[in-house]
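What follows is one structure encoded as structure tokens, with my remarks underneath.
Letters A, B, ... mirror the listed sequences (proteins, then strands); counts begin at 1.
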Protein chains: 2
Amino acid sequence: MSAERAKHDVFHAIADPTRRQLLKLLSKEEMPVTAISANFPISRTAVSKHLRVLAEADLVRERKSGRETRYSLNPEPLRELQDWVQYFELFWDNKLNKLRHLLESEQQGE
Amino acid sequence: MSAERAKHDVFHAIADPTRRQLLKLLSKEEMPVTAISANFPISRTAVSKHLRVLAEADLVRERKSGRETRYSLNPEPLRELQDWVQYFELFWDNKLNKLRHLLESEQQGE
DNA sequence: GAAAAACGAAACCATTTGGTTTCGTATTTA
DNA sequence: TAAATACGAAACCAAATGGTTTCGTTTTTC
């Protein structure tokens, strides 16, 4: 039930540079579509489609208000990304080797 | 000179689940293509293409050894991803609001 | 009430993507 | 030296992607 496979996951959602810019923009404040798309060289419709991809990954929330739809950032799903990248942090700066040496010396009682 | 725009950046490279699996696999040890592709339900050629995408993003390094090509993880470019996601960490748990309150109280000398 | 504004839906298009199979070329091995 | 192994290159294909324009609907404004 909780493992609902979204059609667009976080990794896919942030792959596109325009969508990353959208997230940055929306991190500052909630905004309606037209105001958002004023920041991009592509059509409002194109921006709208990107927003839907982000919404499917739950990275943005939409709130209807009269004739406009306001979008805002929901950063929570980015935790998955952070968790993922954190695994590899182990391999930076030879951290793995350091850990291995640590474990070996522990085993020898020193 | 240093700002060479790679055709495939890190964000694009990790968007595909197969490629993420490849990185996990190669984090354990350096491996030749055939051994790698034994872990996947797709053809060796398909795996090879994924590896090239990863190589273009500099996430893997290739080393020729006789008739085989051994691939290994290079985690360094993932830092860019971590930096990117770190920005948004600010918005988790209302950290931004906490920071704002902190700054306001500082300004008032308390 | 008519005009304007804000938006989504739909149809369409070129390019990219992720996969396949087939073939050629080195390098090992028997 | 002949056969087998490891691999990349190339041609091909269906589906997804990122964009467009056009049109309809709802809400606001004049």
Side-chain angles (χ1 to χ4, degrees), chain A residues 5-26 29-74 77 81, chain B residues 5-26 29-74 77 81:
Chain A
R5 243 302 134 249
K7 205 178 84 192
H8 288 132
D9 66 359
V10 184
F11 293 93
H12 171 261
I14 66 153
D16 184 87
T18 301
R19 286 196 289 268
R20 290 199 298 278
Q21 254 188 272
L22 279 168
L23 293 179
K24 276 269 161 104
L25 187 62
L26 293 176
E29 54 176 337
E30 189 190 52
M31 288 174 81
V33 178
T34 304
I36 295 170
S37 70
N39 296 272
F40 295 86
I42 58 181
S43 72
R44 173 187 52 81
T45 315
V47 169
S48 205
K49 284 209 259 179
H50 281 303
L51 286 169
R52 194 157 347 114
V53 173
L54 291 173
E56 273 167 12
D58 201 29
L59 281 165
V60 299
R61 294 277 166 79
E62 32 177 316
R63 194 165 64 90
K64 288 260 187 177
S65 173
R67 64 179 159 181
E68 50 183 34
T69 312
R70 306 227 186 89
Y71 284 88
S72 60
L73 174 73
N74 176 37
L81 210 151
Chain B
R5 243 300 135 249
K7 203 178 83 192
H8 289 132
D9 66 359
V10 184
F11 293 93
H12 170 261
I14 66 155
D16 184 86
T18 300
R19 285 196 290 267
R20 290 199 297 277
Q21 254 187 273
L22 280 168
L23 292 179
K24 276 268 162 106
L25 187 62
L26 294 176
E29 53 176 338
E30 189 191 54
M31 289 174 81
V33 178
T34 304
I36 295 170
S37 71
N39 296 271
F40 295 86
I42 59 181
S43 71
R44 173 186 52 81
T45 315
V47 169
S48 204
K49 284 209 259 180
H50 280 303
L51 285 169
R52 194 157 348 114
V53 173
L54 290 173
E56 273 167 12
D58 201 28
L59 282 165
V60 299
R61 294 277 166 79
E62 33 178 315
R63 193 163 64 91
K64 288 260 187 178
S65 173
R67 63 180 160 181
E68 49 183 37
T69 312
R70 306 229 185 87
Y71 284 88
S72 60
L73 174 73
N74 176 37
L81 211 151

Side chains of Leu59(B) and Leu22(B), heavy atoms from C-beta outward: is any pair under 4.5 Å?
no
Per-nt protein contacts along nucleotides 19-25 of chain D (heavy atom under 4.0 Å; B base, S backbone sugar-phosphate only, - none) come out as BBB----
Heavy atoms, side chains only, cut-off 4.5 Å: are Asn39(A) and Met31(A) in contact?
yes
Minimum-distance pair of heavy atoms, taken over all atoms of Pro77(A) and Asp58(A):
CG-O, 3.4 Å
Side chain to side chain, Leu25(A) and Leu73(A), heavy atoms closer than 4.5 Å
no
In Å and rounded to the nearest 0.5 Å, what is the CD to CG distance from Glu62(A) to Asn74(A)?
12.5 Å
Polar side-chain atom of Arg20(A) near backbone of Ala15(A) as donor-acceptor pair, under 3.5 Å:
yes
How long is the line joining CD of Glu62(A) and C1' of dA6(C), in whole Å?
14 Å
Distance in angstrom units between Lys64(B) NZ and dC7(D) P, rounded
9 Å
Rounded to whole Å, CG of Leu51(B) lies from C1' of dG19(C) at a distance of 15 Å
Those residues of residues 65-72 of chain A lying under 4.0 Å from DNA chain C by at least one heavy atom
Arg67(A), Glu68(A), Thr69(A), Tyr71(A)
Would you please name every residue forming a side-chain contact (heavy atoms from CB on, under 4.5 Å) with Thr34(A), sequence neighbours left out?
Arg44(A)
Atom pairs and distances, donor-acceptor, side-chain atoms in residues 45-55 of chain A, under 3.5 Å, two or more places apart:
unit_1	atom_1	unit_2	atom_2	d
His50(A)	ND1	Arg19(A)	NH1	3.1

Mind grabbing the angle between the end helix axes of the helix from dG1(C)-dC30(D) to dA30(C)-dT1(D)? Five pairs an end, 10° rounding.
20°
Can you give me the closest heavy-atom contact between Ile14(B) and Phe11(A), atom names plus distance?
CD1-CD2, 3.7 Å
Please state how far atom CZ in Phe11(A) lies from atom C1' in dT17(C), giving the value in whole angstrom units.
19 Å
OP1 or OP2 of dT16(C) versus the side-chain N and O atoms of His12(B): is any pair under 4.0 Å?
no
Set of side chain to side chain donor-acceptor pair (under 3.5 Å) partners for Gln21(A), sequence neighbours left out:
none
Just how far is it from atom CG of Asp9(B) to atom CD of Glu56(B), taken to the nearest 0.5 Å?
11.0 Å
